[in-house]
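Only one structure is covered here, and it is reproduced in the block below.
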Amino acid sequence: MDWTAWRDEFPIFRNKRYLNTCSLGALSRRVRAAQDRFFDEWEEHGATAWYSTWMAALDGLRERFARVIGASKEEVALAPSVSVALSSVASCLDYAGRPKVVFSELDFPTVAYQWAVKANAQRVIVPSRDGISVPPEGYEAAIDDRTAAVATSHVFYTSGAIQDLRRIANAAHRHGALAIIDAYQATGQLPTDVHEADVDVLISGGLKWLLGGTGIALMYVRRERLAELKPTITGWFGNRFQFEFDPRRFDFWDDARRFELGTTANAAVYACSAGLDLVLEIGVEAIRARTTELGNDLIDRLTDAGFAVRAPRDPASRAGIVMIPMKEPAAVVHALAERGILVDYRHDRLRASPYFYNTPEDNAALVDAMRSRAS
Ligand SMILES: Cc1ncc(COP(=O)(O)O)c(C=O)c1O
């Protein structure tokens with residue numbers, strides 16, 4: 001694979017060292033062209049484009065996402081954000097008999113917030129010993145017959161640690177609970193087979209490793225679970241009789257569209273589809289190999305330069321997120337941005353996330369700049 005050729009697809013590299021995909025994937029020429037196509041259609045056809053093109057584009061997006069995670073498109077719903085998708089799933093559960101929802105202290109907080117606002121739900125937080133990962137036994141001990149769901153991450157946003165989805169799903173299923181996975185930091189960069197992993201729900205979105213920008217999230221719901229999951233927040237897109245416009249007539253779609261609510265943001269649909277096309281064309285296995293190589297390279301350079309790194313030791317257990325603990329990461333991030341090196345921070349750590357379009361030279365520039373600032 002000629003990785004530097006792919007770099008030309010992303011104009012930001014003309015004058016920046018962009019190492020922040022875990023916040024926002026870089027804009028590609030293809031995604032920009034897809035936006036233009038959407039605006040051209042809007043300009044030329046107005047609302048007619050819904051019937052001629054846009055409804056099919058929604059289906060095309062569901063189908064692309066399904067391919068990336070090993071699902072079928074009938075198991076995929078569109079949502080405007082991961083938070084909305086989580087809310088929709090959380091609205092299906094009956095907390096009277098099963099009040100407990102298990103998650104970990106390292107999950108992105110929007111996961112926990114779904115249940116913080118449900119008076120009859122009881123939150124059980126599995127702790128991490130090292131701030132990097134959560135032992136699977138922690139979930140196994142926390143889940144019981146009063147657990148409605150375990151809701152946790154495929155990859156932790158503050159450490160890049162990869163969780164064993166199959167083991168978490170098994171622990172949930174032994175007690176009749178659902179396994180709900182926030183895969184926002186995984187999909188695109190990490191090979192995923194949702195059927196093999198046996199999870200019930202997996203939610204991701206376009207923003208980061210799928211290169212598709214803001215305004216769109218995607219939700220997988222396992223086929224066998226669809227009939228029993230009936231959201232109590234809904235809208236006309238969830239209604240199989242959508243185009244009868246009859247307030248008396250509502251019934252859920254049989255497929256995952258039952259989780260959809262209202263009109264989609266079609267610019268986002270086009271952007272995300274184009275991002276997914278890039279990911280599918282390159283292939284997630286190849287992306288994973290390249291990203292692992294770059295992550296290892298960055299960790300080696302940081303270690304040689306005397307920086308501590310907070311990440312799983314085993315490359316097989318970590319995705320493309322590298323955390324560097326420091327006192328005032330915000331100031332460092334701003335100083336680096338002034339030198340054209342774009343990274344991010346969370347809590348007390350600087351966060352760099354090399355993706356397939358980065359190079360060892362990007363890593364070297366980051367470490368050199370950090371070293372010269374530290375000395
Ligand atoms: C792992 C993870 N989950 C969820 C979110 C937030 O998703 P949304 O804003 O689409 O609700 C983020 C945002 O960065 C994230 O990193």
Side-chain angles (χ1 to χ4, degrees), residues 19-26 61 65 68-69 76-91 101 103-117 125-126 128 131-134 149-163 165 168 179-190 192 199 201-220 233 259-262 264-265 267-269 271-272 275-276 291 310-312 318-323 329 333 342-347 349-353 355:
L19 285 153
N20 197 10
T21 300
C22 69
S23 289
L24 176 63
L61 177 54
F65 181 68
V68 168
I69 60 166
V76 174
L78 308 177
S81 67
V82 166
S83 301
V84 171
L86 280 168
S87 294
S88 179
V89 179
S91 84
V101 180
F103 40 81
S104 88
E105 67 174 323
L106 298 186
D107 295 311
F108 191 83
T110 210
V111 175
Y113 298 160
Q114 306 314 315
W115 291 282
V117 296
I125 303 180
V126 181
S128 163
I132 296 173
S133 59
V134 173
V150 54
T152 187
S153 314
H154 193 177
V155 167
F156 288 126
Y157 76 110
T158 49
S159 70
I162 301 168
Q163 297 213 94
L165 298 190
I168 292 167
I180 301 170
I181 303 300
D182 173 359
Y184 218 167
Q185 292 294 358
T187 322
Q189 68 151 318
L190 207 59
T192 307
V199 298
V201 176
L202 181 139
I203 300 169
S204 193
L207 198 64
K208 304 168 191 291
W209 312 93
L210 292 180
L211 305 170
T214 57
I216 194 93
L218 298 132
M219 172 164 53
Y220 157 82
I233 57 168
F259 292 94
E260 296 183 5
L261 282 93
T264 44
V269 167
C272 193
L276 272 157
T291 306
R310 198 112 165 250
R318 74 171 176 255
I321 299 176
V322 178
M323 306 297 285
V333 167
L342 303 183
V343 290
D344 205 348
Y345 66 97
R346 288 289 179 272
H347 308 290
R349 285 161 253 177
L350 185 141
R351 185 169 76 163
S353 47
Y355 204 23

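Numbering of ligands and ligand atoms starts at 1, following listing order. Just the heavy atoms: all of them, side chains too, but no hydrogens, waters or symmetry mates, feed the values below.
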key: Winner among Tyr113, Phe156, Tyr184 once heavy atoms are compared against atom 12 (C) of ligand 1   = Tyr184

Residue pair Leu86 / Thr110, side-chain heavy-atom distance below 4.5 Å = yes

ask   = Where is the nearest protein heavy atom to atom 13 (C) of ligand 1: which residue, which atom, and how far?
value = Lys208 NZ, 3.4 Å

task = Compare all side-chain heavy atoms of Val134 with those of Thr152 and state whether any distance is below 4.5 angstrom.
result = no

Protein contact of atom 16 (O) of ligand 1 - nearest heavy atom, named by residue and atom, plus distance = Gln185 NE2, 3.1 Å

message = Counting C-beta onward and ignoring hydrogens, is there a side-chain heavy-atom pair between Tyr184 and Leu207 closer than 4.5 Å?
response = yes

inquiry  = Using a 4.0 Å heavy-atom cut-off, which part of Asp182 comes near ligand 1: side chain, backbone, both, or neither?
reply    = side chain

Student check: side-chain heavy atoms of His154 and Leu190 closer than 4.5 Å = yes

task = Do me a favour and list the nearest non-hydrogen protein atom to atom 6 (C) of ligand 1 with residue, atom name and distance?
result = Phe108 CE2, 3.5 Å

inquiry  = Contact between Ser23 and Arg351 at the side-chain level, heavy atoms closer than 4.5 Å - yes or no?
reply    = yes

ask   = Which residue owns the protein heavy atom closest to atom 10 (O) of ligand 1, what's the atom, and how far is it?
value = Val82 N, 2.8 Å

ask   = Tell me: protein heavy atom nearest atom 11 (O) of ligand 1, and distance?
value = Ser83 OG, 2.5 Å

ask   = Does Val343 reach the side chain of Leu350, with side-chain heavy atoms less than 4.5 Å apart?
value = yes

